[in-house]
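Have a look at the structure below before the remarks.
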Amino acid sequence: MASHVQRATELSQSVSQARMAAAIIGQLPFGVLVVDAQKRVIAANHAATELTRHSRSGIKVRRGILTARSGLDVDKLQQAVSAACRLQERGSAQAGCDAFIHSRSHASDGDALAISICPLPQTERLAASEGSYAVVFAQRLSLNLPFGFVEQVQSVFGLTPTEARLACSLAEGLSLKDAARRQGIRFKTARSYLEGIFQKTGAHQQSQLVAVLKTVQLILGNAAMTERRPAALAGYQIPATDAA
């Protein structure tokens, strides 16, 4: 009897941990999809479902299969997924293949997707199942910063309102001279503010600062700037398919 109780306790803990992990994945501001070697979508969080449904997105789900807008990107996606699945079969924890997929039909607006693909970590449960799987991470990138991002940057790095606005102007692609003009301050004053921004963010030059802010943007995402709360992975449904 004791062994059965212990086993039941272990199963209960396993289910609780799985639900917790699913809830966490569901809250992520970037897309997460689990696919098999044929790119069949096994699971996806809310952000991934929304991203693949977007008319301007570089990736789509058609008839349950993850695909891309162009033939070149379809090949790149397949190669990356296949490489990740092979690594998963060998029990490797190393990353698979990264890709950068543009939304070519709207290339003029600068939108693109950052795609990262890696093997699904092996577990005892997975080891006993057939097939191999890969995890696809996707995030839309744009020079346009999400609503509320200036306030988030100010809070994260302890910047003053002027420093935060200046830093975000640089992250949008403006030169320091143009950013200063936007803020209505002298170029010399802007350089002084920039020194303070460097000290607070740990950056040593403008390119590093932009990289830091873009990383923060990637982590926070639009979901962190709004009151919308993504659904948990446990409530996942296969994204609506498009016509072939």
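Because the structure is a prediction, the values reported are computed rather than measured. These numbers come from the heavy atoms of this one structure, side chains and all, not from hydrogens, waters or symmetry mates.
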Check your understanding: What distance separates K39 NZ from T67 OG1, expressed to the nearest 0.5 Å?
Key -> 4.5 Å
Study note, to complete from the structure: The reported gap from OG in S175 to CD in Q206 (rounded to nearest 0.5 angstrom) is 8.0 Å
Check your understanding: Does the T201 side chain pair with the main chain of I197, one donor and one acceptor, at a distance under 3.5 Å?
Key -> yes
Practice item. Indicate if V216 and L159 have the same hydrophobic cluster label, given that clusters are the connected sets of ILVMFWY residues with side-chain heavy-atom separations under 4.5 angstrom. Key: yes
**Study point:** SG-CG distance between C168 and L213, expressed to the nearest 0.5 angstrom
**Key:** 6.0 Å
Practice item. Kindly indicate, with the supporting measurements, whether the criterion side-chain contact (heavy atoms from CB on, under 4.5 Å) is fulfilled by I115 and V136. Key: CA-CA 7 Å; I115 305 290; V136 179; 4.1 Å; yes
Review point. Short question: side chain of T49, backbone of N45 - any donor-acceptor pair under 3.5 Å?
Key: yes
Review point. Nearest heavy-atom pair of I117 and A84: which atoms, and what distance?
Key: CG2-CB, 3.9 Å
Check your understanding: Does the side chain of Q78 pick up a donor-acceptor pair with the side chain of S82 at under 3.5 Å?
Key -> yes
Revision key, fill the gap. Taking every heavy atom of L176 against every heavy atom of R191, the minimum-distance pair comes out as CD2-CG, 3.6 Å
Check your understanding: Are R182 and S169 linked by a side-chain donor-acceptor pair shorter than 3.5 Å?
Key -> yes
Exercise for review: Quick one: pull up NZ in K60 and NE2 in H54 and give me the separation to the nearest 0.5 Å.
Suggested key: 8.5 Å
Review point. At what distance, to the nearest 0.5 angstrom, does CG of L87 lie from CG of L120?
Key: 12.5 Å
Revision key, fill the gap. Nearest heavy-atom approach of D36 to I42 is N-CG1, 4.2 Å
Review point. Is any side-chain heavy atom of L170 closer than 4.5 Å to a side-chain heavy atom of L194?
Key: yes
Practice item. Please report the closest heavy-atom contact between A68 and V74, naming both atoms and the distance. Key: O-CG2, 3.5 Å
Point to revise | For the student: nearest non-hydrogen atoms of G58 and L113, plus distance | key: N-CD1, 3.5 Å
Point to revise | Side-chain heavy atoms of C118 within contact of F137, under 4.5 Å | key: yes
Practice item. Inspect the surroundings of OH in Y193 and state if more than 12 heavy atoms from other residues, nucleotides or ligands are less than 6.0 Å away. Key: no
Point to revise | Expected output: side-chain Q208 to main-chain H204 donor-acceptor under 3.5 Å | key: yes
Point to revise | Spacing of Q152 atom CD and F157 atom CZ [to the nearest 0.5 Å] | key: 11.0 Å
Practice item. Compare all side-chain heavy atoms of F198 with those of L209 and state whether any distance is below 4.5 angstrom. Key: yes
Check your understanding: Linking I/L/V/M/F/W/Y whenever any side-chain heavy atoms sit under 4.5 Å apart, do I185 and V153 land together?
Key -> yes
Exercise for review: Please test V135 against V32 for side-chain contact (heavy atoms from CB on, under 4.5 Å), starting from the C-alpha separation and ending with a verdict.
Suggested key: CA-CA 7 Å; V135 183; V32 181; 3.8 Å; yes
Practice item. Applying side chain to side chain contact (heavy atoms under 4.5 Å, CB included) between T160 and each of Q154, R165, K200, report the one that passes. Key: K200
Check your understanding: Is there side-chain contact between L51 and F30, with at least one heavy-atom pair below 4.5 Å?
Key -> no
Study note, to complete from the structure: A44 and V41 have their tightest heavy-atom pair at CB-CG1, 4.4 Å
